[in-house]
Peer 1: 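Got a structure here, written out as structure tokens. Questions coming.
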Amino acid sequence: MNSSIVQKKGYTWVVLPKEGILPLTLLEESSVGLFKRLRNLLPGAQHNLEVYSESLFDLFPKPAQGKIPKVSKAKAIAFFKGKDVVETGGGFELKGLQHFKALNAGAEANIKKARKLLYDFTDPKLYDISNRVLLEEHLNLCKPETKAPGILRKLKSGKLFVVTDVLQTQNFLIRDASDFELSGDISADAIEGYLAKAGADVHRDKDKSNTVAYEGEKPVTFAIKASRILYNEEDDSYTLRREKSATVRGVAEGLNTDSKDIFWMEIED
């Protein structure tokens, strides 16, 4: 199966859409076993990322004066109409998650076994860093601040990433799409055409056995773009390099800083 619409635009899917993943959130490259480490050395291999519970400003504090990186106001997503088909390795889990509900008793089990999922997002929005140059300048003007030497080692070895773009929505449906046989390139028109031809409207009662819904008070992030933070020892400087990842999941351990800017972001005026 071809890449999803979102993936073709350079985004990485969040394994389970969740609150709190925002522009300026820090990510860590996942530690994996020997086999996966060897596989990750192959040309074109993509890494897996885990989400910290802190923002960039917890590691690189805001200056007392001067400009800081800001996040754009919400934008409509020009390339995305709200539906996408995504391959899955299974393991979808709803237990303990607020605002998710199965539309009948069998829905969660069906979703968990699905080979492909159809996501149907309501009014998705894009937030991104409005000035990427300013973001890189911030790394070099504000020295990292942490009491955890392990975090500094990860930073200087290129294991940390910063989120630059997120796609968010407040309501969506997920349906088992294992029976979808989309020929050719995955596109919004191809998905809509298939649904119309098959009469497979995800809102119909007959499909509720294969559908779960998210209806929360706060929007959740379902896809991101991130940049690796690269350290240059020669001149003690940092640069950013955008990289596409395989997955984003979980929550890594904290940075152990004194900052209280947890999941803080500043929207541009």
Side-chain angles (χ1 to χ4, degrees), residues 4-7 9 11-27 49-55 71-77 79-86 88 90-112 114 116-129 163-177 188 191 201-205 207-226 247-252 254 260-267:
S4 70
I5 298 168
V6 165
Q7 288 170 322
K9 291 296 182 178
Y11 288 85
T12 299
W13 284 95
V14 178
V15 171
L16 182 65
K18 60 187 297 183
E19 298 176 20
I21 305 178
L22 306 168
L24 300 176
T25 299
L26 287 175
L27 308 173
L49 301 178
E50 295 180 350
V51 182
Y52 275 111
S53 57
E54 284 91 1
S55 80
V71 179
S72 69
K73 296 179 180 179
K75 307 173 185 176
I77 306 172
F79 67 86
F80 189 56
K81 296 182 179 179
K83 290 185 175 66
D84 208 342
V85 175
V86 185
T88 175
F92 190 91
E93 183 62 65
L94 292 176
K95 293 179 180 177
L97 296 171
Q98 294 182 335
H99 311 303
F100 278 88
K101 64 179 182 180
L103 299 192
N104 79 2
E108 182 179 347
N110 290 334
I111 290 292
K112 193 170 183 179
K116 291 179 286 188
L117 297 175
L118 170 67
Y119 282 82
D120 187 357
F121 299 100
T122 303
D123 193 24
K125 298 294 184 185
L126 164 66
Y127 290 90
D128 60 9
I129 301 299
V163 176
T164 56
D165 307 58
V166 303
L167 305 183
Q168 288 194 338
T169 188
Q170 194 160 330
N171 302 287
F172 64 94
L173 298 173
I174 306 175
R175 177 196 162 181
D176 179 358
I191 293 172
D201 185 341
V202 295
H203 297 285
R204 288 187 177 183
D205 290 340
D207 290 315
K208 288 185 178 179
S209 61
N210 293 325
T211 304
V212 295
Y214 174 85
E215 296 177 357
E217 296 179 1
K218 297 181 180 179
V220 290
T221 295
F222 60 88
I224 71 160
K225 286 184 179 179
T247 61
V248 177
R249 67 172 70 236
V251 177
K260 296 182 180 179
D261 284 327
I262 305 300
F263 287 142
W264 179 92
M265 71 173 181
E266 182 153 333
I267 305 294

Peer 1: Do Ile129 and Val71 have side-chain heavy atoms sitting under 4.5 Å apart?
Peer 2: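 Yes. Closest side-chain heavy atoms under 4.5 Å.
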Peer 1: Please examine the side chains of Tyr11 and Leu126, heavy atoms only from C-beta on, and report whether any two atoms are closer than 4.5 Å.
Peer 2: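 Side-chain contact under 4.5 Å: yes.
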Peer 1: Residues in side chain to side chain contact (heavy atoms under 4.5 Å, CB included) with Pro219, at least two apart?
Peer 2: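 Side chain to side chain contact (heavy atoms under 4.5 Å, CB included) check on Pro219 returns Gln168, Gln170.
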Peer 1: Between Thr221 and Val166, what is the shortest heavy-atom contact and its length?
Peer 2: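 In terms of heavy atoms, the two residues are closest at CG2-CB, 3.8 Å.
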Peer 1: Does Asn171 offer a backbone N or O that forms a donor-acceptor pair with the side chain of Thr169 under 3.5 Å?
Peer 2: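 Side chain of Thr169 to backbone of Asn171: a pair is present.
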Peer 1: State whether the number of non-hydrogen atoms from other residues, nucleotides or ligands found under 6.0 Å of Lys125 atom NZ is greater than 12.
Peer 2: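 For Lys125, atom NZ is crowded (more than 12 foreign heavy atoms under 6.0 Å).
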Peer 1: Just verifying a value: how many Å separate Ile111 CD1 and Thr211 OG1, rounded to the nearest 0.5 Å?
Peer 2: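 The OG1 atom of Thr211 is 6.0 Å from CD1 of Ile111, to the nearest 0.5 Å.
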Peer 1: Would you say the rings of Phe222 and Phe121 are close, in the sense that their centroids are separated by under 6.0 Å?
Peer 2: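 Yes, the ring of Phe121 comes within the 6.0 Å limit of the ring of Phe222, centre to centre.
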Peer 1: Check whether any side-chain heavy atom of Asp120 sits under 4.5 Å from a side-chain heavy atom of Phe172, and report yes or no.
Peer 2: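 The answer is no, as the side chains (C-beta and beyond) never meet within the 4.5 Å cut-off.
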Peer 1: Does some side-chain heavy atom of Asp128 sit less than 4.5 Å from a side-chain heavy atom of Lys225?
Peer 2: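 Lys225 vs Asp128: side chains apart.
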Peer 1: Below 4.5 Å, heavy atoms only, C-beta onward: do Leu167 and Pro124 meet side chain to side chain?
Peer 2: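 SC-SC contact between Leu167 and Pro124 ruled out.
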Peer 1: Can you name the closest pair of heavy atoms from Val248 and Ile224 and give their distance?
Peer 2: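 It is CG2-CD1, 3.6 Å.
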Peer 1: Do you know which two heavy atoms are closest between Ala213 and Leu173, and how far apart they sit?
Peer 2: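 Taking Ala213 first and Leu173 second, the nearest heavy atoms are CB-CD2, 3.4 Å.
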Peer 1: Taking C-beta and beyond as the side chain, do Tyr214 and Pro17 meet within less than 4.5 Å on heavy atoms?
Peer 2: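 No - every pair of side-chain heavy atoms lies 4.5 Å or more apart.
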Peer 1: Would you please test Val86 and Val6 for side chain to side chain contact (heavy atoms under 4.5 Å, CB included) and show each step?
Peer 2: CA-CA 9 Å; Val86 185; Val6 165; over 6 Å; no
